[in-house]
Amino acid sequence: MDWTNLLEIAETEQKRQKSIRVHCCTSTGCRAANSLSVKQNLDNAVAESGLGDRVEVIGVGCMGFCGRGPLVQVDPEDLLYEEVTPENAPSIIEALDGGEAKPIKGDSQHPFFSRQMKIVRQHTGKVDPERIEEYIAVGGYQSLYKALYEMTPEQVVSEIGKSGLRGRGGGGYPTGLKWATVAKMPGKQKYVICNGDEGDPGAFMDRSVLESDPHLVLEGMAIAGYAVGADHGYIYVRAEYPLAIQRLQKAIQQAKKYGILGSQIFESPFDFKIDIRIGAGAFVCGEETALIQSIEGKRGNPVPRPPYPAESGLWGCPTLINNVETFANIAPIIREGAEWYVSIGTKNSKGTKIFALTGKIRNNGLIEVPMGITLREIVEEMGGGVPNGEVKAVQTGGPSGGCIPASLLDTPVDYDSLNKVGSMMGSGGMVVMDRETNMVEVARFYMEFCRGETCGKCVPCRTGTVQLYSLLTKILNKQATKTDLEKLETLSYMVKETSLCGLGISAPNPVLSTLRYFPQEYLELIQEDSLNSKVTV
Ligand SMILES: Cc1cc2nc3c(=O)[nH]c(=O)nc-3n(C[C@H](O)[C@H](O)[C@H](O)COP(=O)(O)O)c2cc1C
Ligand code: SF4
Ligand code: FES
């Protein structure tokens with residue numbers, strides 16, 4: 001496979017594609033709403049209508065508006081249909097021949113779509129994730145070719161550094177810096193790991209990227225391997241994501257068949273293979289050191305850092321570990337250049353971020369937005385606000401994040417601004433809460449999650465999460481005193497300051513942020529006779 005072959009595949013595929021493409025979402029969310037039967041009936045309708053020479057039905061990845069699935073979108077007219085059933089699906093095909101479509105017509109120009117900026121999800125919902133030819137037809141694997149033939153590994157690292165890309169797995173560590181550290185480590189054997197564990201409750205951004213555009217992630221990993229000097233990559237995905245695993249397996253096989261993965265990629269001296277490792281669904285296994293232990297076949301417990309995986313990771317070798325969305329940004333950056341990427345976002349947060357917008361909100365689903373957009377724009381314009389109510393808070397960052405009150409809805413969504421208001425970007429969970437939501441219950445929900453997910457290795461987290469959960473329960477049962485409330489705060493800081501890994505360090509965040517912004521809700525639950533001394537929260 002060389003450059004000419006790559007272009008030939010793209011051209012052949014473009015010629016093969018029919019002029020009208022009916023995209024039917026076959027990702028997990030829509031599958032649960034029977035989209036496979038919808039697709040079957042669309043296929044049957046095309047066959048029966050005799051339109052097969054100009055119409056084709058494509059099973060595609062998540063279009064984002066999962067709450068209204070199954071979704072069907074028709075190009076080139078850009079018609080959107082929502083909540084399509086197997087029964088009314090054929091009328092979409094009849095409409096192409098002058099009939100009147102009966103399914104609910106969606107609005108593809110709705111702010112939910114029009115306010116998005118798609119870099120990672122640019123082909124999602126438009127290409128069949130199970131056919132590498134479709135990915136190649138939209139320019140897929142050209143960035144890998146460009147990296148191998150037009151750039152040195154140092155230039156690739158420098159380009160990623162200049163782009164300002166930061167890790168999308170939660171911490172926001174500068175990607176270029178991490179790549180540079182691995183690249184300069186001595187040693188012949190290095191590894192690349194893609195972290196697709198995604199254990200945050202309510203989060204499904206990475207699953208969607210893997211299900212909808214697996215080749216984009218593989219291409220990013222291969223470019224990373226070339227840049228840091230690794231010949232072997234692993235993708236760690238949880239067993240609860242069977243469709244993502246199946247599509248990744250297919251994508252790896254197809255890339256190998258074309259000589260895009262394996263030995264002497266694109267007839268260059270660069271070798272790179274990718275294996276999948278399936279996790280058992282423990283939140284802590286998303287923590288990088290625990291994940292590495294798990295790949296090594298050990299119990300997924302975190303280990304102290306330093307040394308960081310970049311210095312000593314998988315089997316003691318320098319290891320680059322990045323999140324799914326981080327890798328999915330690589331090919332677009334190499335293709336368009338770092339200068340293009342830095343023009344998007346804010347001073348310290350470049351590019352876009354995918355969020356899983358859920359909770360008490362009219363329009364829920366996946367959105368990709370430029371960094372710097374405000375929470376208000378997301379919640380009110382794109383999300384359509386709270387049905388029959390008002391926003392009370394927005395939770396970002398999952399169990400490690402915090403609750404931001406409605407009074408701070410004008411906060412820009414970027415790493416620094418979210419940290420400043422006591423929350424964090426996290427991996428992309430965004431839960432909207434209305435006035436009916438009890439914030440103490442919210443804090444307890446996240447603490448219950450952490451209590452169940454602590455690996456138990458260190459005392460502050462193992463026993464601290466249990467104690468914090470008990471205190472929150474006592475408060476909710478109206479049995480707590482003012483002293484308990486003070487204990488809740490002191491213990492939160494103690495767990496934060498003394499835990500070994502990020503799980504324990506961030507577990508108290510939902511408690512501290514709700515104490516900071518909604519103290520009244522706690523005080524209302526405290527026994528009245530204990531309320532004579534001043535609260536310091
Ligand atoms: C408890 C815990 C769970 C984590 N889960 C994930 C995860 O599911 N996916 C992920 O990419 N990073 C997760 N992280 C962060 C990883 O440790 C690591 O920082 C990340 O994979 C680095 O990739 P990035 O630089 O591209 O963000 C988790 C961290 C902690 C403490
Ligand atoms: S902080 Fe919690 S999850 Fe992390 S090592 Fe300690 S006990 Fe395990
Ligand atoms: S799963 Fe179908 S739109 Fe998201």
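Order of listing sets the numbers, starting from 1, for every ligand and every atom in it.
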**Item:** For ligand 1, the portion of D197 having any non-hydrogen atom under 4.0 Å away
**Value:** both
**Request:** Any chance you could measure K102, atom NZ, to Y81, atom OH, to the nearest 0.5 Å?
**Result:** 10.5 Å
**Asked** Which atoms of ligand 1 are found less than 4.0 Å from any heavy atom of E288?
**Response** 16 (C), 17 (O), 18 (C), 19 (O)
**Prompt:** If you measure from the Lys or Arg side-chain nitrogens to the Asp or Glu carboxylate oxygens, is any gap between K420 and D416 under 4.0 Å?
**Reply:** no
**Request:** Please determine, by modelled atom types, if S91 and N88 share a side-chain donor-acceptor pair under 3.5 angstrom.
**Result:** no
**Asked** Hey, is NZ on K457 packed in by over 12 heavy atoms from elsewhere, all under 6.0 Å?
**Response** yes
**Fill in**
ligand 3 atoms nearer than 4.0 angstrom to some heavy atom of G64 are 3 (S), 4 (Fe)
**Message:** Taking 4.0 angstrom as the limit and counting only heavy atoms of G502, give me the atoms of ligand 1 inside it, by number and element.
**Reply:** 31 (C)
**Request:** Check each of I58, V60, V138 against V127 using the side-chain contact (heavy atoms from CB on, under 4.5 Å) test, and report the only one that passes.
**Result:** V138
**Message:** Under 2.8 Å from atom 8 (Fe) of ligand 2, can any N, O or S atom of C458 be found?
**Reply:** no
**Message:** Suppose I only count heavy atoms of R168 and a 4.0 Å limit; which atoms of ligand 1 are within that range?
**Reply:** 26 (O), 27 (O)
**Prompt:** How many angstroms lie between atom CD of Q249 and atom CD1 of I245, to the nearest 0.5 angstrom?
**Reply:** 7.0 Å
**Fill in**
Distance col, row L366:CG vs N364:CG, nearest 0.5 angstrom, shows 10.0 Å
**Numbered atoms and elements of ligand 1 in range of I321, under 4.0 angstrom, heavy atoms** = 22 (C), 23 (O)
**Asked** Considering only heavy atoms of P302, which atoms of ligand 2 have at least one such atom less than 4.0 Å away?
**Response** 4 (Fe), 5 (S)
**Request:** For G199, counting its heavy atoms only, list the atoms of ligand 1 lying under 4.0 Å from any of them.
**Result:** 8 (O)
**Complete:** Judged by heavy atoms only, the candidate from C285, P399, S506, G286 nearest atom 28 (C) of ligand 1 is G286
**Asked** Mind checking whether G169 has an N or O less than 3.5 Å away from an N or O of ligand 1?
**Response** yes
**Message:** Please check: side-chain N/O of E198 versus main-chain N/O of R207, any donor-acceptor pairing under 3.5 Å?
**Reply:** yes
**Request:** Looking only at protein heavy atoms, identify the closest one to atom 7 (C) of ligand 1 and say how far it is in Å.
**Result:** N195 OD1, 3.6 Å
**Prompt:** Are any of the N or O atoms of T326 closer than 3.5 Å to those of ligand 1?
**Reply:** yes
**Request:** Using distance alone, decide if ligand 1 has a nitrogen or oxygen within less than 3.5 Å of any nitrogen or oxygen in V284.
**Result:** no
**Prompt:** What are the atoms of ligand 3, with element, lying closer than 4.0 Å to any heavy atom of C62?
**Reply:** 1 (S), 3 (S), 4 (Fe)
**Message:** Using a 4.0 Å cutoff against the non-hydrogen atoms of C25, which atoms of ligand 3 qualify?
**Reply:** 1 (S), 2 (Fe), 3 (S)
**Request:** Heavy-atom contacts with C455 under 4.0 Å: which atoms of ligand 2 show up? List them by number with element.
**Result:** 3 (S), 5 (S), 7 (S), 8 (Fe)
**Prompt:** Hey, which atoms in ligand 2 end up nearer than 4.0 Å to a heavy atom of T454?
**Reply:** 2 (Fe), 7 (S)
**Item:** E198: numbered ligand 1 atoms lying under 4.0 Å from its heavy atoms
**Value:** 7 (C), 8 (O)
**Prompt:** Which ligand 1 atoms does K178 reach within 4.0 Å, using its non-hydrogen atoms?
**Reply:** 22 (C), 23 (O), 24 (P), 25 (O)
**Message:** What I want to check is whether the side chains of N329 and E325 have a donor and an acceptor closer together than 3.5 Å.
**Reply:** no
**C461 near atom 2 (Fe) of ligand 2: N/O/S under 2.8 Å** = yes
